[in-house]
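Both counts, for ligands and for their atoms, begin at 1 and track the order of listing. Just so you know, these numbers come straight off a predicted model, no measurement behind them.
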Amino acid sequence: MVEPQRVFRFAPSPNGELHLGHAYSALLNLKSAREAGGKCLLRIEDIDTVRCTPELEKQMLEDLEWIGFEWDEEPRRQSEHFAEYQSSLDTLWERGLVYPSVLSRSEIKRYVAKRDAVGEKWPRDPDGSPVYPGNERLLGASARNSILNSDKPFAIRLDMNLAVDAARYEWMESGSFVSAEPLKWGDVILARKDTPASYHLCCVVDDALQGITDVVRGKDLYYATSVHVVLQELLGLISPSYHHHDLILDENGKKLSKSLASTSLRALRNAGLSPQNVVEKMQVGLRCSVFRCW
Ligand code: GLU
């Protein structure tokens, strides 16, 4: 039997300068795709149309070409596909799995600080943010409509308890099944009044639409996969195989950030480094050995 062609993708957000960690992720995707005789796609995750700018996108594409990343099809730009995300969100509305929420981040922080102050350790999600404490999921139709029709900001949240009734709880990670823990995330945000889609929603919709068979991305997104598999189940989408790779850390053992200029590809290039030097720096950042890729 002929195996279907495998499809990989690198999915950066042009909201800052790419750094060594992005270079590693991009090149690992490319290498994995080439070894599998598959395709490697580029997806531009620019739903945050304020922080993601055309200039940063242009710079990102130049940096990717410079380090030798290649993509096999026209890149998919998420900001051009809001209607598709909206239609997936509509499916969840129809199934009664999402609800509008006006509780702001600062209100949540204040509420949780009060609980913490009386010694009740409020649960944090895997990213360290307080789990949504509200009960707006219980609002009736008319209260929901008045939120939706008001001009105040609101978010659309997934009712995770209802959702997991319908969902399965595992995914394929580097060849073995692992258990998902979606309840640890609580009622995640899937859209906002002004942005009809969140990262979680766009990511699963696009992975399915682009026929992605293999998601290779950093370990910082490992726990988000629990949300992704729930959405895949609810929306009837095929779940790809995942491999969450090690992160390149700075000398203090911290994750690299887009605001840290010293590891940006642009800065390294301007300092006279070659793409090969960047690969060598990546190996040092990875403590050399775990991946025998280069
Ligand atoms: N856009 C995300 C980032 O830049 C990556 C998303 C993914 O690979 O699923 O961190």
Do Y223 and W185 have ring centroids that are under 6.0 Å from one another?
no

As a test of reading the model: which N/O atoms of the protein lie under 3.5 Å from N/O atoms of ligand 1, and at what distance?
unit_1	atom_1	unit_2	atom_2	d
ligand 1	1 (N)	A11	O	2.7
ligand 1	1 (N)	S13	OG	3.3
ligand 1	1 (N)	E45	OE1	2.7
ligand 1	8 (O)	R9	NH1	2.8
ligand 1	9 (O)	R9	NH2	3.0
ligand 1	9 (O)	Y199	OH	2.8
ligand 1	9 (O)	R217	NH1	2.9

I'd like to check the side chain to side chain contact (heavy atoms under 4.5 Å, CB included) partners of Y222; sequence neighbours left out, ordered by chain and number.
W171, E173, V178, H244

Between R77 and E45, is there a side-chain N and carboxylate O pair less than 4.0 Å apart?
no

Classify the ring geometry between Y99 and Y132 as parallel (under 30°), tilted (30 to 60°) or perpendicular (over 60°).
tilted

Closer than 3.5 angstrom, by distance alone: can the side chain of R51 be matched with the main-chain N or O of P14 as a donor-acceptor pair?
no

Among L97, L237, L158, which residue meets the side chain to side chain contact (heavy atoms under 4.5 Å, CB included) test with L231?
L158

